[in-house]
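Below is one structure, written out as structure tokens, with a few remarks after it.
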Amino acid sequence: MERLGEHLRKLRLLKSGERLEALLQHAAAQELPYAEFLEQVLGEEVAAKTSKNIAMRTAMARLPFVKPLETFEFDYQPSIDRKQVHTLASCHFIEHGDNVIVLGPPGVGKTHLAVSLGLKAIANGYRVLFTTAANLISVLTKAHAEGRLEEKLKVYATPRLLIIDEIGYLPIDRLGANLFFQLISRRYERGPMILTSNQSFSAWGDVFGDRIIATAILDRLLHHAVTLNIRGNSYRLKDKLKAGLIRTQDNEGSQPGGEI
């Protein structure tokens, strides 16, 4: 047992070292063949390392919260094509270099969907980075002023999948729009992105304060893209809607903020 433990430590098979005695007892009790016992030992080690790697990549992604896709309430947002979302969850869009753009009014679950797809990407071995549009512009603007723009652009260009949340919630000045365009150009046809916005594409000219820049950004984003347009009510108002304290958007006749 001591020699086996030493070998496992040298090979850095730490999980197997912790579980060795229990695994041996189980194998003896079940009279497992050698090959089956070895498969069990190695399987537990692989599972432990995979779990550790996922936890590390999740921490590096800087997600605002961890909500798996299985917790998303599709029944509350019937405008979403559930089959389409589950197809995206396979992460083939990353291999194909497609962007995913989620549009809709505040509170309908755009960030939840973006984070959930990011978690699927992490589980599939991809490096992911999350940022809000406001934070992204702030970081790039500061880097530009300090002469470190190239360094910061690499930070956002390197991850296999970049998630940019909340485009359109805060106005973007001309410098910010130009810096955003530089990043989009850097990732164009190289690194897929997930973007969320409460503004329709037609309003992006106002968001970026320049219709020419907005058109150039959309031209690159939409060249290879899947758009999810959520026309629903805010989850934050769910209880009030059930109680009849407020009306749904459909009853009020208002247009959903994410409509193209």
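- One finds a salt bridge joining Glu70 and Lys120 here, because a Lys/Arg side-chain nitrogen approaches an Asp/Glu carboxylate oxygen to under 4.0 Å.
- Judged by distance alone, the side chain of Asn99 and the main-chain N or O of Met193 form a donor-acceptor pair under 3.5 Å.
- Side-chain contact of Glu166 with Thr132: a donor-acceptor pair under 3.5 Å is absent, judged by distance alone.
- For the pair Tyr76 and Asn233, the minimum side-chain heavy-atom distance is below 4.5 Å.
- Taking all atoms of both residues into account, the shortest heavy-atom contact from Val41 to Ser16 is CG1-OG, 3.5 Å.
- In this structure, CD on Glu189 lies 10.5 Å from CG on Asp98, to the nearest 0.5 angstrom.
- At distances below 3.5 Å, at least one donor-acceptor pair connects side-chain atoms of Thr58 with backbone N or O atoms of Ile54.
- Rounded to the nearest 0.5 Å, atoms CG (Leu218) and CD1 (Ile184) are 9.5 Å apart.
- Counting heavy atoms from C-beta outward, Leu140 and Gln182 have side chains that stay 4.5 Å or more apart.
- The two residues Gln77 and Val108 make their nearest non-hydrogen contact at NE2-O, 3.2 Å.
- Taking NE2 of His26 as the reference point, atom CD of Gln30 lies at 4.5 Å (rounded to 0.5 Å).
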Test log, rule side-chain contact (heavy atoms from CB on, under 4.5 Å), inputs Ile194 and Phe93: CA-CA 10 Å; Ile194 298 176; Phe93 76 94; 4.1 Å; yes
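- Taking the six-membered ring for Trp and thresholds of 30 and 60 degrees, Phe65 and His112 have ring planes more than 60 degrees apart, a perpendicular arrangement.
- Rounded to the nearest 0.5 Å, atoms CZ (Phe37) and CG (Leu24) are 4.5 Å apart.
- Ser185 places a side-chain N or O within 3.5 Å of a backbone atom of Phe181 that can act as its donor or acceptor partner.
- Annotation: side chain of Leu113 is in contact with side chain of Ile230 (closest heavy-atom distance under 4.5 Å).
- When all heavy atoms are compared, the tightest approach of Ala157 to Leu183 is N-CD1, 4.3 Å.
- Contact of the Phe74 side chain with the Leu69 side chain is registered, since non-hydrogen atoms from C-beta on lie closer than 4.5 Å.
- Ile122 has its side chain out of reach of Arg127: every pair of non-hydrogen atoms, C-beta onward, lies at least 4.5 Å apart.
- Residue Gln84 qualifies as enclosed at atom CD: its count of foreign heavy atoms under 6.0 Å is above 12.
- Around atom CZ of Arg62, no more than 12 heavy atoms belonging to other residues, nucleotides or ligands sit under 6.0 Å away.
- Clustering ILVMFWY residues whenever any of their side-chain heavy atoms sit less than 4.5 angstrom apart, transitively, puts Met56 in a cluster other than the one holding Val128.
- Leu117 and Met60 fall into different hydrophobic clusters, where Ile, Leu, Val, Met, Phe, Trp and Tyr side chains are chained together by heavy-atom contacts under 4.5 Å.
- Residues Pro64 and Thr111 come closest through the heavy atom pair CG-CG2, 4.4 Å.
- Counting heavy atoms from C-beta on, the side chains of Phe208 and Ile217 come closer than 4.5 Å.
- Distance check: Ile164 CD1 to Leu221 CG gives 8.0 Å after rounding to the nearest 0.5 Å.
- The 12-atom threshold is exceeded at NZ of Lys49, counting heavy atoms of other residues, nucleotides or ligands nearer than 6.0 Å.
- Between the Arg187 side chain and the Arg160 main chain, a donor and an acceptor come within less than 3.5 Å of each other.
- Side-chain atoms of Arg231 do not come within 3.5 Å of backbone N or O of Ser79 as any donor-acceptor pair.
- Closest heavy-atom contact between Gly209 and Arg174: O-NH2, 4.4 Å.
- Of the possible polar contacts, none joining the Thr227 side chain to the Ile101 backbone as a donor-acceptor pair under 3.5 Å is found.
- One hydrophobic cluster, built from ILVMFWY side chains closer than 4.5 Å, holds both Leu195 and Val155.
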Let me see the working for Ile80 and Phe72 under side-chain contact (heavy atoms from CB on, under 4.5 Å), right down to the final yes or no. CA-CA 11 Å; Ile80 299 177; Phe72 190 85; 3.6 Å; yes
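- Connection of Tyr188 to Leu222 is not established within any shared hydrophobic cluster, with ILVMFWY side chains joined at heavy-atom distances below 4.5 Å, either directly or through further cluster members.
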Given Leu63 and Leu119, is the side-chain contact (heavy atoms from CB on, under 4.5 Å) satisfied, shown in steps? CA-CA 9 Å; Leu63 300 173; Leu119 289 171; 3.6 Å; yes
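- Looking only at side-chain heavy atoms (C-beta outward), Val139 and Tyr156 come within less than 4.5 Å of each other.
- Other residues, nucleotides and ligands contribute more than 12 heavy atoms inside 6.0 Å of the CZ atom of Arg82.
- Nearest heavy atoms, Ala114 versus Thr196: CB-CG2, 3.9 Å.
- Under 4.0 Å is where a charged nitrogen must lie from a carboxylate oxygen, and between Glu6 and Arg9 at least one such pair does.
- Distance alone, capped at 3.5 Å, is enough to place a donor-acceptor pair between the Ser90 side chain and the Thr87 backbone.
- Hydrophobic clustering (ILVMFWY, side-chain heavy atoms < 4.5 Å, transitive): Leu149 and Leu175 are in one cluster.
- One finds a salt bridge joining Arg186 and Glu150 here, because a Lys/Arg side-chain nitrogen approaches an Asp/Glu carboxylate oxygen to under 4.0 Å.
- For the pair His92/Asn124, no side-chain contact is recorded, criterion being any heavy-atom separation below 4.5 Å from C-beta on.
- Aromatic ring orientation, Phe201 versus Trp204: perpendicular (interplanar angle above 60°, classes split at 30° and 60°).
- Of the inter-residue distances, the one linking Leu136 atom CG with Leu179 atom CG reads 8.5 Å to the nearest 0.5 angstrom.
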